Amino acid sequence: MIRRSISLLFIILVVITQESTLAQPADPLGFDTIIYGSNPEAGNYLTIRGIKMYYESYGTGEPLLMIHGNGGSINSFMNQIPYFSKNYKVIAADSRAQGKSVDTNDSLSFEMMADDFSALLDVLGIDSCNVLGWSDGGINGLLLAIRHPEKVKRLVVTGANLWPDSTAIRVSDYLWGLNYYDTLGKLPQTPDIINSRNS
């Protein structure tokens with residue numbers, strides 16, 4: 001009788017343990033294991049305005065476009081996407097010539113990138129959305145609101161420059177950037193070098 005009770009207790013414990021294990025998230029510590037900016041389940045490419053733009057979508061609700069800073073990618077928002085995707089349909093895109101977005105052209109401007117985001121929204125069938133951007137993404141968000149005001153419902157930016165030219169940085173940084181740009185121009189022009197030079 002005792003042996004049967006112990007066996008039954010053991011079986012119950014095994015079943016409870018298995019059920020609780022199945023109910024836990026993939027990561028027992030609760031960390032998000034998605035690699036944002038490289039998630040085939042959420043990622044897509046669109047050919048718009050002469051470039052191949054990469055974007056990812058998460059969540060449901062009111063659309064929220066997230067625009068990363070210079071030289072960044074969707075992965076820059078790895079801490080923000082999980083939070084906002086609980087209440088919004090998050091659309092995060094790699095800007096022209098950055099991240100996984102491919103641009104083989106030889107010029108780049110904030111205006112071009114703002115128009116890219118407008119075209120992205122058009123293709124996705126989004127008339128207007130909330131926009132969050134930082135640094136160069138903030139500049140792109142401001143220009144999106146200026147050039148396509150009907151597309152921007154609410155706008156949150158941080159770290160955007162009023163004048164995104166040489167007056168926005170120290171002279172030494174500006175000269176370093178010019179030297180870096182010239183050095184990249186002397187290297188074999190692979191897609192990675194072209195993207196680095198254009199960002």
Side-chain angles (χ1 to χ4, degrees), residues 35-59 61-78 80-81 84-85 88-165 168 177 181 184 189-199:
I35 300 174
Y36 297 100
S38 193
N39 182 1
E41 292 178 19
N44 291 288
Y45 279 99
L46 287 176
T47 301
I48 54 172
R49 296 179 30 79
I51 67 166
K52 190 174 171 186
M53 181 178 251
Y54 180 76
Y55 75 97
E56 294 179 0
S57 294
Y58 297 92
E62 225 178 272
L64 170 63
L65 175 64
M66 293 183 153
I67 310 175
H68 64 79
N70 181 38
S73 71
I74 293 168
N75 190 256
S76 300
F77 290 110
M78 67 181 182
Q80 289 75 27
I81 291 172
F84 284 105
S85 64
Y88 294 91
K89 176 182 176 67
V90 171
I91 301 127
D94 285 338
S95 298
R96 176 183 287 251
Q98 298 172 57
K100 288 185 165 184
S101 289
V102 180
D103 176 16
T104 57
N105 301 307
D106 63 356
S107 61
L108 184 67
S109 72
F110 289 114
E111 290 78 10
M112 290 168 71
M113 290 188 278
D115 292 347
D116 293 342
F117 290 113
S118 175
L120 170 67
L121 295 173
D122 286 341
V123 172
L124 296 178
I126 297 172
D127 295 331
S128 69
C129 68
N130 303 297
V131 179
L132 183 154
W134 64 45
S135 192
D136 281 11
I139 296 169
N140 288 326
L142 289 167
L143 285 171
L144 179 63
I146 291 168
R147 294 169 72 83
H148 308 278
E150 73 286 356
K151 299 277 176 73
V152 179
K153 193 178 288 186
R154 287 177 290 200
L155 175 64
V156 176
V157 300
T158 183
N161 298 316
L162 289 175
W163 297 278
D165 58 23
Y181 183 81
L184 290 176
Q189 296 301 293
T190 65
D192 285 341
I193 295 294
I194 291 169
N195 279 353
S196 294
R197 197 162 188 244
N198 286 339
S199 359

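Keep in mind that what you see is a predicted model, and the values were worked out from it rather than measured.
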Distance from [X] atom [atom1] to [Y] atom [atom2], nearest 0.5 Å?
X      : Y      : atom1 : atom2 : answer
Ile91  : Leu120 : CD1   : CG    : 7.0 Å
Leu65  : Leu144 : CG    : CG    : 7.0 Å
Ile35  : Asn75  : CD1   : CG    : 8.5 Å
Leu143 : Phe117 : CG    : CZ    : 11.5 Å
Ile146 : Glu111 : CD1   : CD    : 9.0 Å

Can you sort out the partners of Ile51 under side-chain contact (heavy atoms from CB on, under 4.5 Å), two or more places apart, ordered by chain and number?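 Here the qualifying residues are Ile48, Met53, Arg96, Asp103, Asn105, Asp116.
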
Would you check if the side chain of [X] reaches a backbone N or O of [Y] as a donor-acceptor pair within less than 3.5 Å?
X      : Y      : answer
Ser76  : Ser73  : yes
Ser85  : Ile81  : yes
Asp94  : Lys100 : yes
Glu56  : Asn39  : yes
Gln189 : Leu184 : yes
His68  : Ser95  : yes

Heavy-atom pair of closest approach, residues Ala145 and Leu155: CB-CD2, 4.1 Å

For residues Ser128 and Glu150, report the shortest heavy-atom separation together with the two atoms involved.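 Scanning both residues completely, I find the closest heavy atoms to be CB-O, 3.2 Å.
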
Which residue pairs pass the salt bridge (Lys or Arg N to Asp or Glu O under 4.0 Å) test with at least one member in residues 119-135, sequence neighbours excluded? Asp122-Lys151

Close side-chain approach of [X] to [Y], heavy-atom, < 4.5 Å:
X      : Y      : value
Tyr54  : Ile74  : yes
Tyr58  : Tyr36  : yes
Cys129 : Lys153 : no
Phe110 : Leu142 : no
Met113 : Gln98  : yes

side-chain contact (heavy atoms from CB on, under 4.5 Å) evaluation trace for Ile67 with Leu132: CA-CA 6 Å; Ile67 310 175; Leu132 183 154; over 6 Å; no

Evaluate salt bridge (charged side-chain N to carboxylate O under 4.0 Å, His left out) for Glu62 paired with Arg154, printing each intermediate quantity in order. CA-CA 11 Å; Glu62 225 178 272; Arg154 287 177 290 200; 2.9 Å; yes

CD/Glu41: more than 12 non-hydrogen atoms of other groups inside 6.0 Å: no

Sequence neighbours left out, what pairs pass side-chain hydrogen bond (donor to acceptor under 3.5 Å, both in side chains) with at least one residue falling in residues 132-147? Asp115-Arg147

